[in-house]
Amino acid sequence: MSIESTNPATGEVVDTFDETSSGDREAHLDRAVETFEEWSETPIERRQRLLSAAADVLRENSAEYAELMTKEMGKPIGQARDEVEKCAWVCDYYAEHAAEHLDDEVIASEPEARTLLSYEPLGPILAIMPWNFPFWQVFRFAAPNLAAGNVGLLKHASNVPGCARAIEDVFREAGFPEGAFTTLLISSSEIDEVIEDDRIAGVTITGSDGAGRSVAETAGSQLKKNVLELGGSDPFVVLEDAPMEKTVETAVQARLINNGQSCIAAKRFVVVDEVYDEFLERFVEEMDAQTVGDPMDEETDIGPQAREDLAEELHEQVEKTLEAGGECRLGGEPMDRDGAFYPPTVLTDVPEDAPADQEELFGPVATVFRVPDEEAAIEKANDTRFGLGASVWTEDLERGERVARQFESGLAFVNELVKSDPRLPFGGVKDSGYGRELARDGIREFVNRKTIWVQ
Ligand code: NDP
């Protein structure tokens, strides 16, 4: 069987790949176990050096990888180059900090006993990854885990097989041993079998909450450690003392980055009554000023949605929201051109329980809510089953921090858009999943935190 990747801007086939056969899958799993035996014993300094080499490979081939991402899933080319650079950064980060994050933690010294925690790798880890940041999502898993002494197997989203292969090549070219990082081009129907396989020690998924539930169920039945990075419907709270120009500018960016397809994009804009009209007017104006077009064009702000079916699903959510009584202030109709394009869209007066209120809208659609005051803003911000990120905008930093502490989310930002950063733990609560990636927390997810008592 073969897998095709399709350019969502043109509908043209980018490339065709052979699926991994069941025989090859077996061989890859065997190899992963063998490599783990040797890799987990390799001094961490060497593992860190190889990550540095991976950062070099990424930077050397940045233009090529960026073009591949843009062709397979439609992100604007400048953002694709930034993504490659961020991948190099996460490799550099763990090349520098892995050893210190995994150092033994002495709990008590003698006289009665010396007790400590040591962090030991678990084995081959399966990573199920999405198409929206086809390089970044993979590297933020791979860099800490390879540094920790685990080996990785990647089941990438079916629409980005070229990226999956290219990432495997990055590690090969950097000098990692064969089997340290392997791509399996398999369909999602084969995933349960892989999770259940004794050779797999743990599993991580970034994707929809539906896929997350399925993975967690299978992993749970096998008592295997799992990390879930799922969707979000992040609130962006604007208080009456928000610095309006910067707030609006960032609001647009926070909604439209990656063609609106980010788990931590701001999706629900919760604005207090006093500044609602001013915010809405400026926000609609700025959203309207964005250039939608060919993602290979440097001037383009918004490319196509990653697949036709995703653009259709998004439009259905918009239509249902309008049927329920919502108002459309901008966009709201698929564009009259080839490709999976959807225009910047702004919805208001959205009733409770309408899709734009309760579901994740994974595209350039913003919903703006009017609330009387700060207390109501926090309540509205938390009125969602998701809990990934949230931001609040105010000139008063103490107030901002107080509000941030009341968000039911894994990430809370004051006067900045929610973003991931190798130095900071990243993850959610509620239906956004559990576990953390990045920083010290991320490298300690798939390790045995072994308690040692020496008397
Ligand atoms: P999915 O969650 O279906 O895909 C993400 C990954 O999970 C892919 O590798 C996919 O493989 C795999 N997968 C799908 N179903 C299962 C399953 N039952 N068990 C195990 N793995 C599975 O996302 P979609 O591409 O369908 O996008 C749908 C929605 O998901 C978006 O509109 C958005 O709301 C959310 N999403 C969230 C992301 C995030 O960053 N949190 C990223 C992507 C999507 P395959 O491609 O082969 O189906």
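Just so it is clear, the values below take in all heavy atoms, side chains as well, and ignore hydrogens, waters and symmetry mates. In each ligand, atom 1 is the first atom listed, and ligand 1 is the first ligand listed.
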| query | Under 4.0 Å between a Lys/Arg side-chain N and an Asp/Glu carboxylate O for E168 and R172? | reply | yes
| Atom indices of ligand 1 within 4.0 angstrom of Q137 heavy atoms, with elements | 40 (O)
| note | Residue, atom and distance of the protein heavy atom nearest atom 46 (O) of ligand 1 read S158 N, 2.9 Å
| request: Answer yes when E408 and R385 have at least one side-chain N-carboxylate O distance shorter than 4.0 Å, and no when they do not. | output: no
| field | Heteroatom proximity flag, T206 to ligand 1, N/O under 3.5 Å | value | no
| Identity of the nearest option to atom 1 (P) of ligand 1, non-hydrogen atoms only, from G232, S208, S262 | S208
| query | Does an N or O anywhere in L230 fall below 3.5 Å from an N or O of ligand 1? | reply | yes
| message | Distance under 4.0 Å to a non-hydrogen atom of A157: what atoms of ligand 1 satisfy this? | response | 8 (C), 9 (O), 46 (O)
| field | Close approach of Q261 to ligand 1, heavy atoms, under 4.0 angstrom | value | no
| task | Name the orientation class of the two ring planes belonging to W393 and F236 (parallel below 30°, tilted from 30 to 60°, perpendicular beyond 60°). | result | parallel
| field | Atoms of ligand 1, numbered as shown, that sit under 4.0 Å from any heavy atom of I128 | value | 6 (C), 7 (O), 9 (O), 12 (C), 21 (N)
| query | Any N or O on S187 sitting closer than 3.5 Å to an N or O of ligand 1? | reply | no
| request: Write out the residue and atom name of the closest protein heavy atom to atom 48 (O) of ligand 1, then the distance separating them to 0.1 Å. | output: S188 OG, 3.4 Å
| field | D169 bridged to R165 by N-O distance under 4.0 Å | value | no
| field | Pairing of E12 and K71 as salt bridge, 4.0 angstrom limit | value | no
| message | Distance under 4.0 Å to a non-hydrogen atom of P130: what atoms of ligand 1 satisfy this? | response | 42 (C), 43 (C)
| query | Are D441 and R436 ion-paired here, with the side-chain N under 4.0 Å from a carboxylate O? | reply | no
| query | Going by the order shown, which atoms of ligand 1 are within less than 4.0 Å of some heavy atom of H156? | reply | 9 (O)
| query | Is the shortest N/O to N/O distance between I191 and ligand 1 below 3.5 Å? | reply | no
| task | Examine the proximity of ligand 1 to S214 and report which part, side chain or backbone, both or neither, has a heavy atom under 4.0 Å away. | result | side chain
| field | Pairwise distance CD1(I125) to CG(L153) - rounded to 0.5 angstrom | value | 9.0 Å
| Carboxylate-amine/guanidinium proximity below 4.0 Å for E401 and R405 | yes
| For A211, the ligand 1 atoms whose distance to one of its heavy atoms is below 4.0 Å | 2 (O), 13 (N), 14 (C), 15 (N), 16 (C), 22 (C)
| Taking N or O atoms only and a 3.5 Å limit, does N132 qualify as a polar contact for ligand 1? | yes
| message | Suppose we measure from atom 33 (C) of ligand 1 to each protein heavy atom; which comes out shortest, and what is that distance? | response | F362 CG, 3.4 Å
| Is the ring centre of F269 less than 6.0 Å from the ring centre of F369? | no
| message | I'd like to know if the side chain of S432 and the backbone of G387 have a donor-acceptor N/O pair within less than 3.5 Å. | response | yes
| said: Show me which atoms of ligand 1 lie under 4.0 Å from any heavy atom of E360. | reply: 33 (C), 34 (O), 35 (C)
| task | Give a yes or no on whether the ring-centroid distance for W39 and F171 is below 6.0 angstrom. | result | no
| field | Taking atom 8 (C) of ligand 1 as the reference point, the nearest protein heavy atom with its distance | value | M129 O, 3.5 Å
| Within reach of ligand 1, part of W131 (heavy-atom separation under 4.0 Å) | side chain
| For ligand 1, which atoms sit closer than 4.0 Å to a heavy atom of C263? | 39 (C), 40 (O), 41 (N)
| query | Does D92 pair with K86 as a salt bridge, N-O distance under 4.0 Å? | reply | no
